[in-house]
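For reference, the structure is listed below as C-alpha cells.
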Amino acid sequence: MEDVGCEPDVITYNALINCFCKYEQMPKAFEFFLEMKNNGLKPNIITYSTLVDALCKEGMLQLAIKFLVDMRRVGLLPNEFTYTSLIDANCKAGNLNDALKLAKEMLQVHVDFNVVTYTCLLDGLCEEGRVNEAEELLRAMIKDGVAPNLKTYTALIHGHIKDKWMENAMGFLKEMMGKNIKPDLLLYGTIIWGLCSQSKFEECKLVMTEMKDCGISANPVIYTTLMDAYFKAGKTKEALNLMQEMCDMGIEITNVTFCVLVDGLCKTGLVQEANNYFSRMPEFNLQPNVAVYTALIDGLCKNNCIEDAKKLFDEMQGKNMVPDKIVYTALMHGNLKHWEFQEALNIRSRMSELGMELDLHAYTSWSGDFHKVA
DNA sequence: GTAGGGTTAG
C-alpha cells in the first residue's frame, strides 16, 4: 500500500491490530498502535476496544483498565463492546461482582446492554451456579426488547445441566425451538453430555437421530462421551457397538477413545478384551499414552495379573513416557493387593522423591490396603 | 475494523 502511495487509515490499522491480537502477538499489535499514532492517525473507539479485549483475554485485566483510563483521557468513552469485553473477562476470571459493577456503570452512563452483554452476564451467573438469577436475566432481556439467540440459550441450558436441572434445561430448549432457533453442534453436544450424565440413553439416541436428520454429524467427543457413559452404566454391548460405529463412519479415534474402551472393558472384568484392543492401537496409527497404559495396568492389577502390569509399566518407561501420579498410585495399590509390601513402599518413596504427594483419596486408600495387609 | 455459547479418558 505504502509503495503505491495508498496511505493506511484508521480502519487499516484496526484490522491489522486485531489480526495480531487474535494471533496472540500483542507486541506486534502495540507496535502498530504506536505507528498509527506516529503517522498522525488517532486511534478510535474500535482501536481501544480491540486492545482492551485482547488484554482481557491475555489475563492482563489491570493493563486493560489502564487503557480504559488512557482512552478517556483522549476523549473516547467506552461503548458496549468495551464494556462487554471487560464484563466477560471478569466473569471468566471468577470476578462476577466486578462484572456486575461494570454492568451497573453501563446503566448509569446510558450504554445499553445488547444480546452479547446479556449473554456474558448470564453465562457468568450460570458459572457461579446462580441459574435462577440467570433465568431472571433472560426474562429481563426479553422484557427489555433484546432477543436471546442460540448462544444465550446454550449458556443457559449448559448452566442448568451442570446444576443437574435437566428438566429445566430441556424446557429452555423447547422455548428456544419455539422461537425457531435451531440447535447447532455445540448445543447438541451439550444436551447429549447432560443426558449421558443421567444415563438417559433412549433420549440420547433420539437426540443423535434428530441431529443427523438436521445434517449435523456428531464429533469424536460426543461419541466418546456416550461410549464412556455406556460402560459406566454397565452397557458393554452398546459401548462396543458404538466403537464399531465410529470405525465404520470414519469418526476419528483418539487416545481418549481407547482409554475409555480399555478402562471400560477392564472394569467389566474383560481384561483380555481390553488387552486385545490395546494391541490393535497401531492399526489406528496411535501410540498409547500414559492414560491408556494406566487403564490397562490398573485393570491387570485388579485382575490378579500384577506381573503383566509390571511388564507393561516397564514397557511404557522404555518408550520414554514419564509415569505420573495416577499410574504410580495404580501400581502401588496393585502391589499392596498382591502382598508385595516392599515394592509398594518403594513406589511410595519414589513418588515422594518426585514430589508427588499422595492426595487424600490415594492416602485413604493406601492406609486401608496397608492395614488389610498388615 | 471491536464483544458472547459446549464437550471426552486413566
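Just so we're on the same page: letters track the sequence lines, and every chain starts at 1.
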Item to check | Side chain of A/Leu185 - closest among B/dG6, B/dA3, B/dT2 | outcome: B/dG6
Item to check | Rounded distance (Å) that lies between atom C1' of B/dA9 and atom CE of A/Met246 | outcome: 12 Å
Item to check | Positive for ring-ring contact (aromatic ring centres under 6.0 Å, His included) with A/Phe33, one of A/Phe67, A/Tyr13, A/Phe20 | outcome: A/Phe67
Next on the checklist: Which nucleotide wins on minimum distance to the side chain of A/Val221, given the candidates B/dG10, B/dT8, B/dG6?
Outcome noted: B/dT8
Next on the checklist: According to ring-ring contact (aromatic ring centres under 6.0 Å, His included), who are the partners of A/Phe81, at least two apart in sequence or on a separate chain?
Outcome noted: none
Next on the checklist: Looking at the base of B/dG4, is there any donor atom on it, or on the side chain of A/Thr119, that sits under 3.5 Å from an acceptor on the other one?
Outcome noted: yes
Item to check | Gap between atoms CG and P, on A/Asn114 and B/dG5 respectively (whole Å) | outcome: 14 Å
Checklist entry - For DNA chain B, which residues in residues 87-102 of chain A have a heavy atom at a distance below 4.0 Å? => result A/Asp88, A/Lys92
Next on the checklist: Taking donor-acceptor contacts at under 3.5 Å, does the side chain of A/Asn149 reach the base of B/dG5?
Outcome noted: no
Checklist entry - Does atom CE of A/Met208 have more than 12 heavy-atom neighbours from other groups under 6.0 Å away? => result yes
Checklist entry - The side chain of A/Asn14 lies closest to which of these nucleotides: B/dG4, B/dG1, B/dT7? => result B/dG1
Checklist entry - If you measure from the Lys or Arg side-chain nitrogens to the Asp or Glu carboxylate oxygens, is any gap between A/Lys205 and A/Glu202 under 4.0 Å? => result yes
Checklist entry - Should the heavy atoms of other residues, nucleotides or ligands under 6.0 Å from CD of A/Glu167 be counted, would the total exceed 12? => result no
Next on the checklist: Of the listed nucleotides (B/dG10, B/dG1, B/dG5), which one gets closest to any side-chain atom of A/Asp123?
Outcome noted: B/dG5
Checklist entry - Quick one: is B/dT2 close enough that its OP1 or OP2 comes under 4.0 Å of any side-chain N or O from A/Lys57? => result no
Next on the checklist: Which residue in the set A/Ile181, A/Val146, A/Asp123, A/Leu122 passes side chain to side chain contact (heavy atoms under 4.5 Å, CB included) when paired with A/Thr152?
Outcome noted: A/Leu122
Item to check | Nucleotide nearest A/Val260 (side chain, heavy atoms from C-beta), chosen from B/dG6, B/dA9, B/dA3 | outcome: B/dA9
Next on the checklist: Can you tell me if A/Lys232 touches the phosphate of B/dT8, counting only side-chain N or O atoms and a distance under 4.0 Å to OP1 or OP2?
Outcome noted: no
